[in-house]
There are 2 protein chains.
Amino acid sequence: MGITKTQIFNAEQNELAVIFKVLSNPARIAILQYISQQDACICNDIVDEIGLAQPTISQHLKELKSIDLIRGEIEGKTVCYCIHLPKWTAVQASLNSFFDTTKSNCC
Amino acid sequence: MGITKTQIFNAEQNELAVIFKVLSNPARIAILQYISQQDACICNDIVDEIGLAQPTISQHLKELKSIDLIRGEIEGKTVCYCIHLPKWTAVQASLNSFFDTTKSNCC
DNA sequence: TTTGGATATTGCTATATTGCGATAATAAAG
DNA sequence: CTTTATTATCGCAATATAGCAATATCCAAA
């Protein structure tokens, strides 16, 4: 997205922005919702479900993995993707902290 | 950011993605935090505080306004930006609903 | 060892985003 | 009316992103 001047912001601001950026695509939202509904989730199932090409899904999964929101466990030929609950909960707590803190002094 | 195929996703997924996208920039996070700390906030103060040029701040404010997270009240020569609390609270509730629902069936 | 299925990587095009200088628009003050 | 201060808009350059076809990798089964 063009050059973001990350160096002029603090760690919390940059980390929040990264989390929001990973979640800022409807395909990744849909992937997360779909994964959460499956017992054992396989990438190819996601491709059929979402309606994007396999390389595109693979790229989105990589971005979700980059902040540890999901983890992939290799099972033979396939990969079982799961939401990584500790991180998922931590991210939700971070966002709530941001929303609570930021509104506190609001006019 | 390239062409996102919004038409293959549902309204909830697209709306969540838009919210996350607006919040996915550290400058906008910093602006929100700064606005919330001020009694009366003036755009030029934000420029001094954040360290980006005035047109850049103006553009970020526009994006925050686009989903009604903040509102600007014209006061003579200046504009007083405030967090729009009803929307702010609603957004937080939406995100919590997404996080709670999505983790519910997780392995 | 070869085949076939599943996932990842590469390389590309089209489009979006970030940031800024120049400039316009607006409104109070002189 | 003109000046001055504040904010918005325009237009640009640099970079990031979304999506896909082609291809590579990996592993189990034959």
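Each chain gets a letter, A, B and so on, in the order the sequences are listed, and its residues count up from 1.
- To the nearest angstrom, C1' of dG19(C) lies 12 Å from CD of Gln7(A).
- You'll find the side chain of Lys103(B) reaches within 4.5 Å of the side chain of Gln92(A), heavy atoms only.
- For dA8(D), one of the phosphate oxygens OP1 or OP2 lies less than 4.0 angstrom from a side-chain nitrogen or oxygen of Tyr81(B).
- Nucleotide dA18(D) holds its P atom 11 Å from the CG atom of Leu52(A), rounded to whole Å.
- Atoms CG (Asn44(A)) and P (dG5(C)) sit 11 Å apart, rounded to a whole Å.
- The stretch residues 54-66 of chain B comes close to DNA chain C through Pro55(B), Thr56(B), His60(B), Glu63(B), each having a heavy atom under 4.0 Å from the strand.
- Among Ile67(B), Val18(B), Leu69(B), the one residue that satisfies the side chain to side chain contact (heavy atoms under 4.5 Å, CB included) test with Leu23(B) is Leu69(B).
- Note on Asn25(B): every side-chain N or O is 4.0 Å or more away from OP1 and OP2 of dT17(C).
- In summary, Lys65(A) and Asp68(A) do not engage in a salt bridge, as defined by a charged side-chain N under 4.0 Å from a carboxylate O.
- For the residue pair Asp45(A) / Gln38(A), no side-chain donor-acceptor distance below 3.5 Å is found, with atom types taken as modelled.
- Of the candidates Leu16(B), Asn96(B), Ile19(B), Val91(B) forms a side chain to side chain contact (heavy atoms under 4.5 Å, CB included) with just one, namely Ile19(B).
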Output side-chain donor-acceptor pairs under 3.5 Å for residues 27-34 of chain B, partner residues at least two apart or in another chain, one line each.
| residue | atom | partner | partner atom | Å |
| --- | --- | --- | --- | --- |
| Arg28(B) | NE | Val22(B) | O | 2.6 |
| Arg28(B) | NH1 | His60(B) | ND1 | 2.9 |
| Arg28(B) | NH1 | Glu63(B) | OE1 | 3.1 |
| Arg28(B) | NH2 | Lys21(B) | O | 3.3 |
| Gln33(B) | OE1 | Gln13(A) | NE2 | 2.7 |

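- Scanning for side chain to side chain donor-acceptor pair (under 3.5 Å) contacts around Asn44(B) gives an empty result, with sequence neighbours left out.
- Per the geometry, CD1 belonging to Ile46(A) stands 8 Å off P belonging to dT7(C), to the nearest Å.
- Of the residues near DNA chain C, Lys77(B) and Thr78(A), the one whose nearest nucleotide (by heavy atom distance) lies more toward the 5' end is Thr78(A).
- Atom C1' of nucleotide dT15(D) and atom CD1 of Ile3(A) are separated by 6 Å, given to the nearest angstrom.
- Atom CD1 of Ile74(A) and atom C1' of dG5(C) are 15 Å apart (whole Å).
- Computed from coordinates, the Glu73(A) CD to dA8(C) P distance equals 14 Å when rounded to whole Å.
- When the P atom of dC20(C) is taken as reference, atom CD1 of Ile50(B) falls 12 Å away, rounded to whole Å.
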